[in-house]
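Here's the structure, in structure tokens; my notes come after.
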Amino acid sequence: MTFVKKSPWIFHLNTGSCNGCDIEAVACVTPGFDIERLGAKLVGSPRHADIILVTGPVNKHSLERIKTVVEQAPKGKVIVGIGACTISGGLFKDSYNTDPPLGKHMPVTMYIPGCPPKPEAIIAGLAKALEALK
Amino acid sequence: MTDEKRDKKHETILPIGPFHPLLKEPEYFKVHVDGEKVTDFDFRLGFNHRGIEKIVESKTYSMATTLLGKVCGICNQAHSLAFSIGVEKINKITVPKRGKYIRTITFELERIQSHLLWLGVMAEAIGFETVFMHSWRERERTNYLFELMTGNRIAKEMSVVGGSKWDLDEKTGKKVLSELPNLVKFANNMERVFTKDKLVHKRLKEVGVLSKEEAKHFDVVGPVARASSLDFDIRKNSPYEVYKDFEFNVIVGDGADCLERTLVRIREIKESAEIIRQCIELLPGGEHRLKFFKSAEGKTTSRVEAPRGENAHFMVTGEMNPVRLKIRAPTYANIPPLKTMLLNQKIADVPPIIISIDPCFSCTDRIAVYKKGELVKRV
């Protein structure tokens, strides 16, 4: 029998997205997809998190606060960007109030593309992020 | 509580946000508390502002409906539909009836999806995790139907100027019809839970009361208004699209508290299912979309009843792009009465009260520009 070496705890951080990626990330936790059976769990504080799921084009107004939240996570954390907005700004790349991409502000391990990505894609991405946690 | 009576020495400020597990969106609420009691309330917007009204000015009309769908991921058709109706009004386009019916089907299905999502979040706010899981499981049914109809679970983009983007084949229509009884059954079940369960009543009954007079004073919209016995629904009061063809009731409650807001939304799920059933049965044949390239110049206002309430768009159109667009999202009207609802309540009741207005900040968010401490403009 093989054991799961790590149960990733996930913190979800919204940097001003349209809610599309956020509800898909939460849908992963609920019975339709249920990532809890794989040991993953949504936590309320970044201090408990192994993986930080970031959504949205980075909002200029909350940029400093986003950095503070991410710094609170323990060392060895993995930052995963969800959606087209974190990669390039998506539909909001021309906006005066956003500052994409996310990689400019923090070290991002991986991106999950899509607008919004399906829960299946998010779960596949998290499985790959587990390898980065080792 | 009036300001003179307040004992500011013993007051504590309880910050909720900008990044808080209660809300899935970054928003800042400042709750002043004296012991357990809430004495004042303030909020700050702007963490979610993306400047969509400005971006849309550089897009063509077919691009604009896609962009406006991204105003909010939960009620994404509400905005693209309001915009499409406005542009169609300016150009005097007679949209094919089939297109209108298909748009209505996805629009009402979206209302069901939004209410189920909200019900889960509300249940989680009062610590009722089971209902959260159950209602999100049922919500997967609607997302599955969206995927069948449009190819996307969240970004439906069914409304375009001139009709509906996709046609609805008979097989998919039957699939939608076959899923409706499951959703209605769940709504009935939840109605039973929320009317009979004593623990739920303890958490929600007479919490966050907004009387009819106060509701009128603040001009609240949507289920919040209807729970305070204001009989107002754009679908009935100024019908758009094809709502005249259907028989449905506007759900009005008189409890004016968090429980009534929950029950109004649960009952609306059943009404929406009824509208969808009539839609699919009456679905006319023919074309579903007209081609649309250039617009006439003009200005107009269009309103739709989004899941959260009245959603109004004011637009000035140019030949290829909109010249100006102003969006008035339903949550914008529903935030100010939060202070009235929260005063003199306990800290533990703050989450259900904030959630009870179904806040959607990505629709609402606005910013104010200051230069050298002076207000330059509000965006």
Side-chain angles (χ1 to χ4, degrees), chain A residues 11-34 36 42-46 48 52 55-66 68-70 72 83-85 89-98 100 114-121, chain B residues 17-28 44-52 54-59 63 66-76 113-114 117 120-121 124 132-141 143-144 147 152-155 360-363 365 367 369 379:
Chain A
F11 179 72
H12 162 241
L13 181 66
N14 179 339
T15 67
S17 84
C18 74
N19 280 346
C21 299
D22 308 270
I23 50 179
E24 288 294 57
V26 178
C28 288
V29 191
T30 53
F33 301 94
D34 198 15
E36 286 187 4
L42 266 189
V43 290
S45 163
H48 302 155
I52 301 184
T55 59
V58 184
N59 188 303
K60 278 182 190 166
H61 185 52
S62 50
L63 181 57
E64 289 307 311
R65 295 162 177 96
I66 294 161
T68 319
V69 171
V70 171
Q72 285 175 358
C85 292
L91 279 164
F92 311 116
K93 69 175 190 300
D94 304 325
S95 169
Y96 51 81
N97 205 30
T98 59
C115 189
K118 283 178 151 192
E120 289 96 332
Chain B
F19 298 100
H20 194 275
L22 166 68
L23 303 156
K24 298 280 171 270
E25 297 165 275
E27 235 29 83
Y28 181 58
R44 189 169 286 180
L45 300 173
F47 298 98
N48 221 330
H49 184 77
R50 280 156 287 147
I52 288 178
K54 185 72 192 166
I55 306 174
V56 83
E57 289 166 15
S58 63
K59 305 282 183 203
M63 290 153 101
T66 309
L67 174 67
L68 286 170
K70 296 291 185 310
V71 171
C72 172
I74 303 169
C75 49
N76 89 1
Q113 184 263 125
S114 174
L117 181 146
V121 177
E124 202 194 14
F132 167 65
M133 291 295 178
H134 278 293
S135 68
W136 278 63
R137 186 198 60 217
E138 293 301 314
R139 184 180 155 267
E140 286 302 321
R141 291 182 200 276
N143 283 2
Y144 172 67
E147 204 173 350
N152 268 324
R153 281 163 51 89
I154 302 293
C360 175
F361 297 106
S362 64
C363 296
D365 231 327
I367 54 170
V369 184
V379 187

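Note that this is a predicted model, so its numbers are computed, not measured. First the proteins, then the strands, lettered A, B, ... as listed; each starts at 1.
Interatomic distance, CG of Asn19(A) versus CG of Leu117(B), reported as 8.5 Å (0.5 Å rounding).
Chain B forms more heavy-atom pairs under 4.5 Å with one residue of Val69(A), Asn59(A), Thr30(A), Ile66(A) than with any other, namely Asn59(A). With respect to chain B, the highest number of heavy-atom pairs below 4.5 Å among Asp34(A), Leu63(A), Ile23(A) belongs to Ile23(A). When Gly46(B), Gly120(B), Ser58(B), Gly69(B) are compared by the number of non-hydrogen pairs under 4.5 Å with chain A, Gly46(B) comes out ahead.
Arg50(B) touches chain A through backbone and side chain together, each having a heavy atom under 4.5 Å away. Heavy atoms closer than 4.5 Å to chain A are found in the side chain of Glu140(B), but not in its backbone. Residue contact with chain B, scored on non-hydrogen atoms closer than 4.5 Å, involves the side chain of Phe33(A) exclusively. Only the side chain of Phe19(B) comes within less than 4.5 Å of a heavy atom of chain A; its backbone N, CA, C and O stay farther away. At a 4.5 Å heavy-atom cutoff, Val43(A) makes no contact with chain B through either its backbone or its side chain. At a 4.5 Å heavy-atom cutoff, Leu23(B) makes no contact with chain A through either its backbone or its side chain. Only the backbone of Ser17(A) comes within less than 4.5 Å of a heavy atom in chain B; its side chain stays farther off. Proximity to chain A (any heavy atom under 4.5 Å) is restricted, for Ile55(B), to the side chain, taken from C-beta onward. For Cys21(A), no part lies near chain B; criterion is any non-hydrogen pair under 4.5 Å.
Shortest non-hydrogen contact noted between Pro18(B) and Arg65(A) is CG-CD, 3.6 Å. The minimum heavy-atom distance linking Cys363(B) with Cys360(B) is given by the pair SG-SG, 3.2 Å. Minimum heavy-atom separation, Pro57(A) to Phe92(A): CG-CD1, 3.8 Å. Across all their heavy atoms, Ile154(B) and Asn76(B) have their closest contact at O-ND2, 3.0 Å. Of all heavy-atom pairs spanning Arg139(B) and Gln113(B), the tightest one is NE-OE1, 3.0 Å.
Checked by atom type, the side-chain pair Asn97(A)/His61(A) shows no donor-acceptor distance below 3.5 Å.
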Working for ring pair (Phe, Tyr, Trp, His ring centres under 6.0 Å), residues Tyr96(A) and His49(B): CA-CA 10 Å; Tyr96(A) 51 81; His49(B) 184 77; 5.7 Å; yes
